[in-house]
Amino acid sequence: MPVPSSSSSSSMFVFTCLLIIFLLNLHSSNCLAKPTNTTPQLSVDYYAKSCPQLEQFIGSITSRQFKESPVSGPATIRLFFHDCFVEGCDGSILISSKPGSKMLAERNAQDNKDLRVEGFETISKAKALVESKCPGVVSCADILAIAARDFVHLAGGPYYQVKKGRWDGRISMASRVASNIPRSNSTIDELLKLFSSKGLTPNDLVVLSGAHTIGFAHCQNFVSRLYDYRGTKKPDPAIDPRLLKALKMSCPRYGGNNDIVAPFDVSTPFLFDHAYYSNLVAKLGLLATDQALFLDPRTKPLVQALAQDKQKFFQSFVVAMDKMGSIGVKRGGKQGENRKDCGMHMS
């Protein structure tokens with residue numbers, strides 16, 4: 001789900017911290033066509049002989065990135081989501097557009113313009129290390145899947161085994177992005193239809209949205225909720241008035257600072273836990289798509305259940321990530337390749 005970002009100034013960081021403190025206090029006082037997702041060729045031990053220390057190699061990179069630049073966590077997790085939803089989990093999001101070409105790659109699509117560079121850097125560094133140890137063996141797609149898992153765990157979430165065996169896709173087109181990823185103002189009907197097209201259920205939608213337990217969003221992704229919700233010229237009624245006031249302070253209707261961000265999870269923004277769901281119950285969801293999960297009768301019961309049970313969320317998240325990580329898996333030959341440079345220009 002979106003974790004919008006870009007580089008931020010020190011003043012923005014200070015403001016964000018103040019906003020988090022304010023919201024912490026606020027929260028404490030208010031306490032269709034389904035493709036085949038079964039991919040038997042994926043296995044936990046896929047590289048057991050060809051690169052037995054693969055996960056340690058990647059782990060050395062992700063742990064350092066997490067310490068030096070914590071935003072690498074949500075940035076990489078978001079990268080994995082955006083990769084799997086467009087062309088399948090094949091690393092096509094990592095490819096750079098060829099200079100001078102009129103055909104842009106996924107990475108340069110308008111809907112991906114605020115993907116943080118830290119996510120791409122993490123995969124690039126991990127790939128370089130893996131290539132030095134096990135040249136020509138491990139796909140960029142598998143490295144991305146493993147790195148996303150690492151960051152979930154580093155932020156306090158569950159550790160789970162990642163099935164491997166994905167090949168890197170040969171197709172990366174910006175024109176295929178918009179219709180295949182969720183938007184911050186999507187309706188529940190639109191989200192359910194999109195997830196169903198990927199072989200994912202309404203429960204998967206709710207559980208995978210829980211990735212918003214960490215990360216931040218730019219004003220542009222929720223400013224319409226504050227001033228003109230769905231063309232009403234009024235704020236979204238499903239937002240706590242005090243949260244609305246706090247967000248308006250940082251996000252004016254016009255002329256605001258493009259670097260300002262707000263946390264998805266107002267109570268524990270840097271910890272991977274189940275507080276995201278408690279926030280929705282308390283009308284403290286940041287995006288319209290977040291809050292809508294509590295408003296729709298098809299998704300509300302699961303939101304309520306996950307708000308009460310962190311272990312249930314963790315167990316469900318592991319299952320949903322495995323399902324999502326199996327979307328559109330490529331094999332060799334015409335379907336896939338093993339890129340030595342994850343960002344290699346399209347041929």
Side-chain angles (χ1 to χ4, degrees), residues 1-6 19 23 32 74 77-79 81-82 84-86 106 109-116 174-198 200 202 204-241 243-248 250-266 276-277 279-300 303:
M1 320 323 312
V3 184
S5 20
S6 79
L19 177 60
L23 294 176
L32 306 75
I77 296 168
R78 185 188 182 203
L79 208 55
F81 275 58
H82 280 229
C84 290
F85 269 71
V86 183
E106 288 175 35
Q110 181 68 19
D111 291 281
N112 285 334
K113 63 182 175 58
D114 57 0
L115 290 173
R116 286 198 71 115
S175 60
R176 299 189 181 184
V177 172
S179 62
N180 281 295
I181 59 171
R183 296 171 179 272
S184 58
N185 62 348
S186 295
T187 65
I188 291 295
D189 282 338
E190 291 168 341
L191 291 174
L192 291 174
K193 182 178 179 180
L194 174 61
F195 272 62
S196 178
S197 75
K198 309 300 177 186
L200 300 173
D204 294 326
L205 165 62
V206 176
V207 172
L208 290 172
S209 294
H212 279 178
T213 181
I214 55 175
F216 298 78
H218 286 97
C219 294
Q220 66 187 21
N221 290 280
F222 56 84
V223 70
S224 63
R225 291 190 74 201
L226 312 183
Y227 302 98
D228 187 20
Y229 180 65
R230 301 202 182 283
T232 62
K233 297 185 179 181
K234 296 180 180 180
D236 183 354
I239 184 171
D240 184 282
L243 174 59
L244 175 64
K245 182 178 180 180
L247 293 176
K248 280 187 171 183
S250 60
C251 300
R253 186 167 189 174
Y254 305 109
N257 185 336
N258 291 332
D259 287 339
I260 295 293
V261 295
F264 285 116
D265 178 347
V266 301
Y276 164 82
Y277 299 102
N279 294 337
L280 301 187
V281 174
K283 300 176 69 174
L284 296 173
L286 183 63
L287 303 184
T289 48
D290 292 323
Q291 195 59 54
L293 295 175
F294 180 67
L295 300 175
D296 193 287
R298 292 167 291 184
T299 50
K300 181 177 181 178
V303 170

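The figures here come from the full heavy-atom set of this structure, side chains too, leaving out hydrogens, waters and symmetry mates. Just so you know, residue 1 is the first one in the sequence shown, and it goes up from there.
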* Please list all pairs passing the salt bridge (Lys or Arg N to Asp or Glu O under 4.0 Å) test where one or both residues lie in residues 205-215, with sequence neighbours left out. => none
* Structure fact -> Tightest non-hydrogen contact, residues Ile181 and Leu194, listed as C-CD2, 3.6 Å
* Asked: Residues two or more places apart in sequence or in another chain: which of them pass side chain to side chain contact (heavy atoms under 4.5 Å, CB included) with Val223?
  -> Tyr227
* **Contact check, side chains of Tyr277 and Leu293, non-hydrogen atoms, under 4.5 Å** => no
* I would like to know whether Asn112 and His82 meet side chain to side chain donor-acceptor pair (under 3.5 Å); could you show each step before the answer? => CA-CA 8 Å; Asn112 285 334; His82 280 229; 2.6 Å; yes
* Asked: Which atoms form the tightest heavy-atom contact between Val266 and Asn279, and what is the distance?
  -> N-ND2, 3.4 Å
* Structure fact -> Rounded to the nearest 0.5 angstrom, the CG-NZ distance for Leu295 and Lys300 is 8.0 Å
* To do: Measure the spacing between OG of Ser175 and CD of Gln110 and express it to the nearest 0.5 Å.
  => 14.0 Å
* Considering residues at least two apart in sequence or located in another chain, which fulfil the side chain to side chain contact (heavy atoms under 4.5 Å, CB included) criterion with Asp236? -> Arg225, Tyr229, Ala238, Ile239
* With rounding to the nearest 0.5 Å, note down the distance linking OG in Ser250 to CG in Leu226. => 8.0 Å
* Side chains of Leu280 and Gln291: closer than 4.5 Å at any heavy-atom pair? -> yes
* To do: Name all residues meeting the ring pair (Phe, Tyr, Trp, His ring centres under 6.0 Å) criterion together with Tyr276; count only those two or more places apart in sequence or in a different chain, and write none if there are none.
  => none
* Asked: Which atom names give the shortest non-hydrogen contact between Thr289 and Ser186, and what distance separates them?
  -> CG2-O, 3.2 Å
* Any residue meeting side chain to side chain contact (heavy atoms under 4.5 Å, CB included) with Pro235, in chain and number order, not counting sequence neighbours -> Leu244, Lys248
* Structure fact -> Here the gap from Asp240 atom CG to Leu284 atom CG, rounded to the nearest 0.5 Å, amounts to 5.0 Å
* **4.5 Å side-chain heavy-atom contact, Leu79 and Arg116** => no
* Check Leu247 against Ala262 and note the closest heavy-atom contact, atom names and distance. => CD2-CB, 3.9 Å
* Tell me, please, which residues at least two apart from Ala174 pass side chain to side chain contact (heavy atoms under 4.5 Å, CB included). => Leu104, Ala109
* Asked: Under 3.5 Å, is there a donor-acceptor pair between the side chain of Ser196 and the main chain of Leu192?
  -> no
* Asked: Considering residues at least two apart in sequence or located in another chain, which fulfil the side chain to side chain donor-acceptor pair (under 3.5 Å) criterion with Asp189?
  -> Arg298
* Compute whether any side-chain donor of one residue and acceptor of the other, for His218 and Asp114, lie under 3.5 angstrom apart. => no
* To do: Can you see which heavy atom on Leu191 is nearest to which on Leu205, and at what distance?
  => CB-CD2, 3.9 Å
* Run through Phe264, Phe81, Phe222 and flag the one making a ring pair (Phe, Tyr, Trp, His ring centres under 6.0 Å) with His212. => Phe264
* Enter the distance from Arg183:CZ to Asp111:CG here, rounded to the nearest 0.5 Å. => 4.0 Å
* If you look at every heavy atom in Ala217 and Leu287, which pair is closest and at what distance? -> CB-CD2, 4.2 Å
